[in-house]
> 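Supplied in structure tokens, the structure appears directly below.
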Amino acid sequence: MKRLIAAIDTPDAMRAAALVRAVAPHCGLIKFGLEFFAAHGPAGLTAAQGAPVFLDLKLHDIPNTVAGAVRALLPLNVAMLTVHAAGGAAMVAAAAAAAEKGPKILAVTVLTSLDGQALHETGVAGGTKQQVLRLARLALDAGADGLVCSAHEVSLLRDAFGPAPILVVPGIRPAGSAVGDQARVMTPEQAVAAGADYIVVGRPITEAADPGAAAAAIAKVA
Ligand code: C5P
């Protein structure tokens with residue numbers, strides 16, 4: 001199984017296509033996020049050149065609107081799509097129902113950009129771990145296929161929910177590469193050993209002198 005997901009974070013469609021050509025042979029999926037989708041829309045996904053797509057739009061709205069968005073995305077045949085668990089059980093259930101046999105629905109629990117203080121400011125008492133567990137349970141009970149989580153939460157979530165949920169883990173840095181704005185990172189080996197199904201890697205691949213070689217090196221150890 002190819003566990004590497006390369007995050008193609010660029011608004012430049014030509015660059016995206018070139019990156020995909022270089023890295024796709026080493027990846028299970030290619031991830032496009034809000035930046036790329038806002039710039040190029042559904043038509044932009046041709047940049048994947050047939051590779052399975054993880055569309056990271058983190059949908060969060062009323063259930064009817066999210067279900068409509070998921071249905072509107074079905075013709076794109078993406079393999080995975082994200083929603084915010086904080087939208088509530090009905091919203092996650094609506095997304096899962098709309099996806100039917102289409103994309104796997106992955107729920108984002110607490111954004112990794114929120115530390116304990118920032119989370120508290122949103123009105124959540126009890127700390128990050130408790131909130132991640134609470135939202136993970138809500139999302140999985142509502143029919144989500146898996147979760148996006150930090151490497152530091154993987155073993156907690158595996159202990160709580162067993163092997164079934166798909167766990168997709170960003171914040172990965174091969175030993176020796178720049179951390180950038182990610183605060184709590186793990187190497188590919190560590191994340192997979194902890195129980196990650198997939199690891200998401202962006203800049204260590206996209207900013208490498210040879211993105212294909214960087215992806216190959218990560219794929220070898222993941
Ligand atoms: O460049 P880097 O490896 O940090 O990219 C990580 C990717 O994973 C980015 O596309 C980022 O938006 C995404 N991501 C994340 N943390 C999350 C969810 C998604 O870093 N909690």
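Starting from 1, each residue takes its place in the sequence as its number. Each ligand, and each atom within it, is numbered from 1 in the order the structure gives.
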> With side chain to side chain contact (heavy atoms under 4.5 Å, CB included) as the test, pick out the partner of Val132 among Leu147, Leu119, Val110.
Val110

> Just which atoms of ligand 1 are under 4.0 Å from any heavy atom in Lys58?
18 (C), 19 (C)

> Tell me which one of Ile205, Leu29, Val200 satisfies side chain to side chain contact (heavy atoms under 4.5 Å, CB included) with Leu4.
Ile205

> Can you spot which of Asp56, Thr82, Asp9 makes a side chain to side chain donor-acceptor pair (under 3.5 Å) with Lys31?
Asp56

> Provide the number and element of each atom of ligand 1 under 4.0 Å from a heavy atom of Arg173.
1 (O), 2 (P), 3 (O), 4 (O)

> Going by the order shown, which atoms of ligand 1 are within less than 4.0 Å of some heavy atom of Asp9?
9 (C), 10 (O)

> May I ask you to identify the nearest protein heavy atom to atom 6 (C) of ligand 1, giving residue, atom name and distance to one decimal place in Å?
Gln182 NE2, 3.8 Å

> Could you list the atoms of ligand 1 found under 4.0 angstrom from a heavy atom of Val200?
7 (C), 8 (O)

> State the atoms of ligand 1, each with its element, that fall below the 4.0 Å cut-off from a heavy-atom position in Thr112.
16 (N), 17 (C), 21 (N)

> For Arg203, counting its heavy atoms only, list the atoms of ligand 1 lying under 4.0 Å from any of them.
1 (O), 2 (P), 3 (O), 4 (O)

> Exactly one of Val66, Thr109, Leu111, Val92 should register a side chain to side chain contact (heavy atoms under 4.5 Å, CB included) with His84. Which one does?
Leu111

> Could you see which bit of Val108 sits under 4.0 Å from ligand 1, with heavy atoms only: side chain, backbone, both or neither?
neither

> Are Val221 and Ile5 connected into the same hydrophobic cluster when the rule is that any two of I, L, V, M, F, W, Y join if their side-chain heavy atoms are below 4.5 Å apart?
no

> Which residue supplies the protein heavy atom nearest to atom 12 (O) of ligand 1, what is that atom called, and how far is it?
Lys31 NZ, 3.9 Å

> For Thr187, is there any backbone N or O sitting under 3.5 Å from a side-chain donor or acceptor partner on Gln190?
yes

> Mark yes or no for whether Arg173, through its side chain, and Ala178, through its backbone, hold a donor-acceptor pair below 3.5 Å.
yes

> Within ligand 1, which atoms have a heavy atom of Gly202 less than 4.0 Å away?
1 (O), 2 (P), 3 (O), 5 (O)

> Using heavy atoms and a threshold below 4.0 Å, how should the contact between Glu207 and ligand 1 be classified: side chain, backbone, both, or neither?
neither

> Pick, from Ser113, Gly180, Pro170, the option with the minimum heavy-atom distance to atom 14 (N) of ligand 1.
Pro170

> So does Arg158 pair up with Asp197, basic N to acidic O under 4.0 Å?
yes

